[in-house]
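Please read the structure below before turning to the comments.
Excluded from the calculations below are hydrogen atoms, water molecules and symmetry mates; all remaining heavy atoms, backbone and side chain alike, are included. Computed from a predicted model, the values in this text were never measured in an experiment.
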Amino acid sequence: MNKEQFIDLQETGNISVPVILLNYYAKLGLNEQELILLLQVKKFKETGNQFPTPTELSEHMFISTGECTGILRNLIQKGFLMIEEHQHESILFEHYSLKPLWDKLYTFLINESNRKIQEQNKKEDESLYTVFENEFGRPLSPFECETLSIWIDQEDYDPVIIKAALREAVMSAKLNFRYIDRILFEWKKNGIRTIDQARNHSRKFRQHQGNQGNKPDQQEGYQRKVPFYNWLEN
């Protein structure tokens, strides 16, 4: 076999190795020896040998047959590999199955995704408290913190919508939780779920108020303690 033939063989004689497995095998609790052994099992299965012996597997690794047997046993006990049986014309066959490995990988990815979502929600909640404190120009009271928690956990308001209601209250010079709660209730009643819908609703409301000659920024003698933020233009 010359070099060109050897290179052609490498190009055509490969097995597929999921990149996602290479990225997360350590977090699944696999070491490098176990990973390579699982890939050897996968290789044998893809080339037609569904139940390679420890001797056959160890010949392609830097381990003895006894060590290979022990690792295979551990992989089965840890739930990464299983032996299945099937019958063909009254003959019973055994073969390795990698389904437990893929099941563990899938479960890990789902849990990781949920963890990231929870972390993101926690950051958004923390950011929400900061926005309110900046607008109010002071720390929130325990009652106000509890109200925010109810909006998020019980009423299931999107933090983006809560911020929009806060800024609407700022523009209306009615910076208090009761007024913000009324805005959220009104939006929910009218099916407003997105920031664009909230903006359109507020524009129409302001046009209506403008036609009546009201000047919201002068109501109740409100004086802002922080710079004005026009959320309708962002």
Side-chain angles (χ1 to χ4, degrees), residues 18-20 23-24 27-28 102-234:
V19 173
I20 201 165
N23 288 340
Y24 295 109
K27 292 186 176 181
L28 291 177
W102 309 132
D103 181 81
K104 279 183 175 291
L105 182 58
Y106 176 81
T107 300
F108 170 81
L109 294 173
I110 293 298
N111 291 339
E112 187 71 4
S113 176
N114 291 337
R115 182 186 65 80
K116 289 180 179 179
I117 291 173
Q118 290 174 356
E119 288 183 353
Q120 183 62 33
N121 289 339
K122 184 177 179 181
K123 289 180 181 179
E124 288 179 356
D125 292 349
E126 291 174 350
S127 172
L128 187 61
Y129 282 86
T130 301
V131 169
F132 266 77
E133 289 182 338
N134 288 340
E135 290 291 355
F136 277 71
R138 59 171 174 76
L140 298 181
S141 69
F143 171 78
E144 291 167 339
C145 290
E146 182 181 1
T147 301
L148 262 180
S149 179
I150 290 173
W151 288 343
I152 296 169
D153 299 330
Q154 297 183 23
E155 299 294 341
D156 200 27
Y157 290 132
D158 190 317
V160 174
I161 291 296
I162 296 175
K163 291 177 185 178
L166 167 65
R167 290 161 187 162
E168 177 64 21
V170 168
M171 295 184 68
S172 298
K174 296 181 179 179
L175 193 57
N176 61 76
F177 271 70
R178 181 175 297 180
Y179 186 73
I180 296 169
D181 189 58
R182 282 162 49 196
I183 293 173
L184 291 170
F185 176 79
E186 184 70 18
W187 286 355
K188 187 174 184 178
K189 184 176 69 174
N190 286 278
I192 294 173
R193 296 291 183 270
T194 68
I195 192 69
D196 288 335
Q197 291 173 335
R199 285 171 175 164
N200 291 333
H201 184 273
S202 294
R203 285 194 183 99
K204 293 177 182 178
F205 176 80
R206 293 191 178 287
Q207 289 173 358
H208 176 72
Q209 292 292 91
N211 292 336
Q212 294 182 348
N214 291 334
K215 297 181 179 180
D217 288 336
Q218 298 177 1
Q219 292 180 6
E220 300 181 5
Y222 171 73
Q223 298 294 325
R224 283 191 56 79
K225 297 180 181 179
V226 292
F228 178 77
Y229 180 83
N230 188 348
W231 71 280
L232 289 171
E233 296 179 359
N234 286 277

Original post:
Out of curiosity, Ile180 CD1 to Ile162 CD1, how far, rounded to the nearest 0.5 Å?
Top reply: 9.5 Å
Subject >> Evaluation steps, side-chain contact (heavy atoms from CB on, under 4.5 Å), between Glu155 and Ile150 >> reply: CA-CA 6 Å; Glu155 299 294 341; Ile150 290 173; 4.2 Å; yes
Subject >> Which atom of Tyr129 lies closest to which atom of Ser149, heavy atoms considered >> reply: OH-N, 3.7 Å
Original post:
Do other residues, nucleotides or ligands put more than 12 heavy atoms under 6.0 Å from Glu146 CD?
Top reply: no
Original post:
Yes or no on side-chain contact (heavy atoms from CB on, under 4.5 Å) for Lys188 and Tyr157, after CA distance, side-chain angles and deciding distance?
Top reply: CA-CA 9 Å; Lys188 187 174 184 178; Tyr157 290 132; 3.8 Å; yes
Original post:
What is the minimum heavy-atom distance between Glu133 and Leu140, and which atoms define it?
Top reply: OE2-N, 3.5 Å
Subject >> Lys116 with Glu119: basic N within carboxylate O range, under 4.0 Å >> reply: no
Original post:
Roughly how far, to the nearest 0.5 Å, is the CG atom of Asp158 from the CG atom of Leu128?
Top reply: 10.0 Å
Original post:
Are Phe132 and Ser127 close enough that some pair of their side-chain heavy atoms sits under 4.5 Å apart?
Top reply: no
**OP:** Given side chain to side chain donor-acceptor pair (under 3.5 Å), test Gln118 with Asn114 step by step and report yes or no.
**Re:** CA-CA 6 Å; Gln118 290 174 356; Asn114 291 337; over 6 Å; no
**OP:** To the nearest 0.5 angstrom, please state how far the CG atom of Leu184 sits from the OG1 atom of Thr147.
**Re:** 11.0 Å
Subject >> Qualifying residue, where the test is side chain to side chain contact (heavy atoms under 4.5 Å, CB included) with Leu105 and the options are Leu28, Asn23, Ile110 >> reply: Leu28
Subject >> Nearest-0.5 Å distance, CD1 of residue Ile20 to CZ of residue Phe108 >> reply: 9.0 Å
Original post:
Mind checking whether Trp151 and Phe177 have ring centres under 6.0 Å apart?
Top reply: yes
Subject >> side-chain contact (heavy atoms from CB on, under 4.5 Å) between Val131 and Arg167, worked out >> reply: CA-CA 10 Å; Val131 169; Arg167 290 161 187 162; 4.3 Å; yes
Subject >> Side chain Ser113, main chain Leu109, donor-acceptor under 3.5 Å >> reply: no
Original post:
Which pair of non-hydrogen atoms, one from Pro18 and one from Trp102, has the smallest distance, and what is that distance?
Top reply: CG-CH2, 3.9 Å
**OP:** Kindly determine whether Glu186 and Asn190 satisfy side-chain contact (heavy atoms from CB on, under 4.5 Å), including the steps that lead there.
**Re:** CA-CA 6 Å; Glu186 184 70 18; Asn190 286 278; 3.0 Å; yes
Original post:
If only atom types and distance count, is the side chain of Ser172 paired as donor or acceptor with the main-chain N or O of Glu168 below 3.5 Å?
Top reply: yes
Original post:
Rounded to the nearest 0.5 Å, how far does CD1 of Ile192 lie from CD1 of Ile161?
Top reply: 7.5 Å
Original post:
Is it true that Arg138 and Glu144 make a salt bridge, defined as a side-chain N closer than 4.0 Å to a carboxylate O?
Top reply: yes
Original post:
More than 12 non-hydrogen atoms from neighbouring residues, nucleotides or ligands closer than 6.0 Å to CZ on Arg115, yes or no?
Top reply: yes
